[in-house]
Amino acid sequence: MTQANDPATPASDFIRDRIRADLQSGKVKQVVTRFPPEPNGYLHIGHAKAITVGFSIAQEFGGRCNLRMDDTNPAAEDQEYVDAIKEDVRWLGFQWDAMYYAADYFGQLYAWAEQLVEKGLAYVDDQDADAIAASRGTLTAPGANSPCRDRSPADNLRLLREMKAGRFRDGEKVLRAKIDMAHANLNMRDPVMYRIRHMHHQRAGAAWCIYPMYDWAHGQSDSIEGITHSLCTLEFEHHRPLYDWFCDALGIYKPQQIEFARLNIEHMLTSKRKLLQLVEGGVVQGWDDPRMPTLRGLRRRGVPPEALVAFCKHVGVAKFNSTHEIGLFDFHVRDWLNKHAQRRMAVLDPVKLVIDNWPAGHVEWVEAANNPEDPAAGVRKLPFRGELWIERDDFMENPPKDFFRLGPGREVRLRCGWFVTCTSVDKDAAGNVTAIHCTYDPATKGGNAPDGRKVKGTIHWVAAADAVEADVRVYEHLFTSPDPASADGGDFLKLVNPNSVRTVRAKLEPSLRDAQGGERFQFERIGYFYCDHKDSRPGAPVFHRTVGLKDSWQKAQAKATPKGGAPAGKKG
RNA sequence: UACCCCGUGGUGUAAUCGGUAGCACAGCAGGUUUUGGUCCUGUUGGUUCCUGGUUCGAGUCCAGGCGGGGUAACCA
């Protein structure tokens, strides 16, 4: 899809083609779409695609897009989700033209139901759920008519009114459309329109004890709102004939339903049921755990909404059931963050670097650009001293020739500081390096040698005496398998990555002490990090790794040691 | 043993009224670089699922296969 990268080229796909045709033929004057979530859970990355499709299509064609709660089932829904959904849609950067609730149409829906009853197109069925299921037939066998199917319109009307009046218990009766029990499409085998639920509705209150089913509510809701193109996912394809049937039977305006494939991404799950299992099973900390594909999780991970939307636009819309490489998602996250995140220095796996010829107790303030991609981001000053923290894997005692970092006798540049040459190392009894000694060249302040000599490597550092300590949570894929949904025996929990989060106590440059929840940074040479808006406290920030920087050194190492061996360039 | 939908390089996706395959990511190679990041340049990958047919010409139309997905909640 080129449209995401080239705004001059309008997006092209089967839905937009259809809309253009409808606009040209005059069938449609102004495009109206909608995003119709059921408030029974939190939105996830799959919804982000649906939201992006609905809103951006409306935008592109100068139309409108509504947000509508598909709240027809009081047993599953909750006001908390209504609020969360609104917040998440706004977070993504979209603003709906109108906010609607299917529950507000209950009155109209009921009036229409009486119409169908009067026309002989709907009847009250006394059978219970099991009997109805049993008589529906199977995929290959036709269903059987209900004994109540030929009830007179007058009796049906009386019964329906009694249902509404609360004369019956839950499940005792149901209103069904009278269509065709032998239809090849099971949805057309006299679908249930109303069920009895003596239950409080989070919006309608106690006004109703009969609640409409999805099929009996959705198309008419679209119709009422004047939706021109009712976009939804593929699993609703078999519902379109029913959607059309109800609108036609009622003689009301009929929107055009168009289905597209839902979003699948490697290493991610987007089934509400499975996500719930992860939360309830304590596999993750909650719906907003940074490892979750929920919008709230991605947000806490530090994913910028702009990147999420760019990804969704790039992915496009089609009917083919596809799975995207997670690398494409990462690309969009890095792409936005590279341009917008300020740079900072942080050491995740620290080892002491001692500059033996540095004047005792001396501090020098060096200048660092906040973002080389954005000069307007300005500069900041960093304290430099004779004792620094550097990354443990930026040093090797016996480095290969293509290792550009520190090693005995080797010279590197300390970012924005001086050139230093390693002279010796201290080790503990077990042979672990406890400190690295070096000398610096005073003539190389700022990072350039007047004699023109070059160094191959530049490493980051934090002055030991000024370092701020903070928890940094390093995340990896929640599932080891790229396709957790098709786990053996359906047990996707076995595929949970035991190393999906690792907390390290890192040494950060002083300015990070005042990082505010919600801020994003690039820790130079490591990755992009988000200052958690939930667990951070004043003076005690907590950071989440959003995504690592591309690391061609590590990649080359991984290739050199296919399995087993620890890659020399492994970073936090 | 039904019905519906789908099938283009590794992954996605594009190709006006049928005119001979583009883009992004990934990969590879090189250049730039005080982030082994970014950026720039070049480049490897496709008999457009198969077989027939229509046509001067088919990824696009037709037929038949093959493969994948979906559907049997008083859920949405």
Side-chain angles (χ1 to χ4, degrees), chain A residues 1-6 9 11-13 36-38 40 70-73 75-77 125 127-130 132-133 136-143 170-176 183-187 189 191-197 210-211 213-215 217-218 232 234-241 259 261 266 272 314-332 334-335 338-339 343 345 368-369 372-373 402-405 413-417 419 446-448 455-460 522-527 548-556 569:
Chain A
M1 312 277 329
T2 57
Q3 68 271 24
N5 306 61
D6 181 6
T9 310
S12 180
D13 54 62
E38 182 189 15
N40 70 342
D70 217 350
D71 52 357
T72 58
N73 182 6
E77 298 148 10
D125 197 341
Q127 298 183 106
D128 63 20
D130 290 341
I132 289 178
R136 188 171 359 253
T138 67
L139 292 175
T140 54
D170 285 5
E172 202 175 331
K173 294 206 181 326
V174 80
L175 183 73
R176 300 177 73 178
H183 201 109
N185 181 341
L186 292 276
N187 291 130
R189 319 242 264 223
V192 171
M193 295 164 62
Y194 276 108
R195 74 284 219 183
I196 299 171
R197 288 281 176 283
I210 57 172
Y211 290 98
M213 298 290 291
Y214 165 84
D215 289 303
H218 202 90
C232 61
L234 253 27
E235 62 269 31
F236 290 100
E237 258 171 340
H238 320 65
H239 291 256
R240 179 155 32 93
E259 312 85 13
E266 290 179 343
K272 270 183 192 173
H314 185 114
V315 151
V317 43
K319 301 195 79 159
F320 179 64
N321 234 308
S322 58
T323 299
H324 290 80
E325 291 178 334
I326 192 133
L328 184 66
F329 177 72
D330 292 341
F331 165 79
H332 284 282
R334 288 196 192 101
D335 192 46
N338 176 51
K339 297 183 185 92
R343 316 287 127 120
M345 289 214 267
E373 304 295 316
D402 58 346
F403 183 77
F404 301 152
R405 284 107 94 151
R413 172 167 38 232
L414 291 171
R415 174 120 241 236
C416 305
F419 284 10
N448 287 303
V455 288
K456 294 290 287 263
T458 299
I459 65 175
H460 60 279
Q522 181 197 100
F523 289 175
E524 292 210 35
R525 303 210 306 131
I526 301 176
L549 245 31
K550 287 215 299 193
D551 188 343
S552 57
W553 165 248
Q554 183 180 338
K555 194 166 75 180

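Excluded from the calculations below are hydrogen atoms, water molecules and symmetry mates; all remaining heavy atoms, backbone and side chain alike, are included. None of the values given here were measured: they were computed from a predicted structure.
Checking G12(B), A76(B), C74(B) against the side-chain heavy atoms of Arg197(A) singles out C74(B) as nearest.
Judged purely by distance below 3.5 Å, without hydrogens or angles, the side chains of Asn187(A) and His238(A) never pair a donor atom with an acceptor atom.
Remark: G10(B) base-pairs with C25(B). Criterion, Watson-Crick or G-U wobble with two distances under 3.5 Å. In this structure, G46(B) forms no base pair with any nucleotide, since neither Watson-Crick nor G-U wobble geometry is met with both distances under 3.5 Å. Across all strands shown, U51(B) forms a Watson-Crick or G-U wobble pair with A63(B), both key distances being under 3.5 Å. With a cut-off of 3.5 Å on both Watson-Crick or G-U wobble distances, the partner of A72(B) is given as none. Of all nucleotides present, none satisfies the Watson-Crick or G-U wobble test against G57(B) with each distance under 3.5 Å.
Its glycosidic angle being more than 90° from 0, G10(B) falls on the anti side.
Ring-plane geometry between Phe236(A) and Tyr214(A) is classed as tilted, the angle between the planes lying from 30 to 60 degrees on a 0 to 90 degree scale.
Here the P atom of nucleotide A14(B) and the CZ atom of Phe320(A) are 12 Å apart, to the nearest Å. Atom NZ of Lys550(A) and atom C1' of C28(B) are 12 Å apart (whole Å).
Distance check on atom C1': A15(B) versus U8(B) gives 10 Å, rounded to whole Å. To the nearest whole angstrom, the two P atoms, one in U11(B) and one in G46(B), are 13 Å apart. Nucleotides U47(B) and G9(B) have their P atoms positioned 8 Å apart, rounded to a whole Å.
With centroids closer than 5.5 Å and planes inclined by less than 30 degrees as the test, Trp553(A) and the base of G36(B) pass as a stacked pair.
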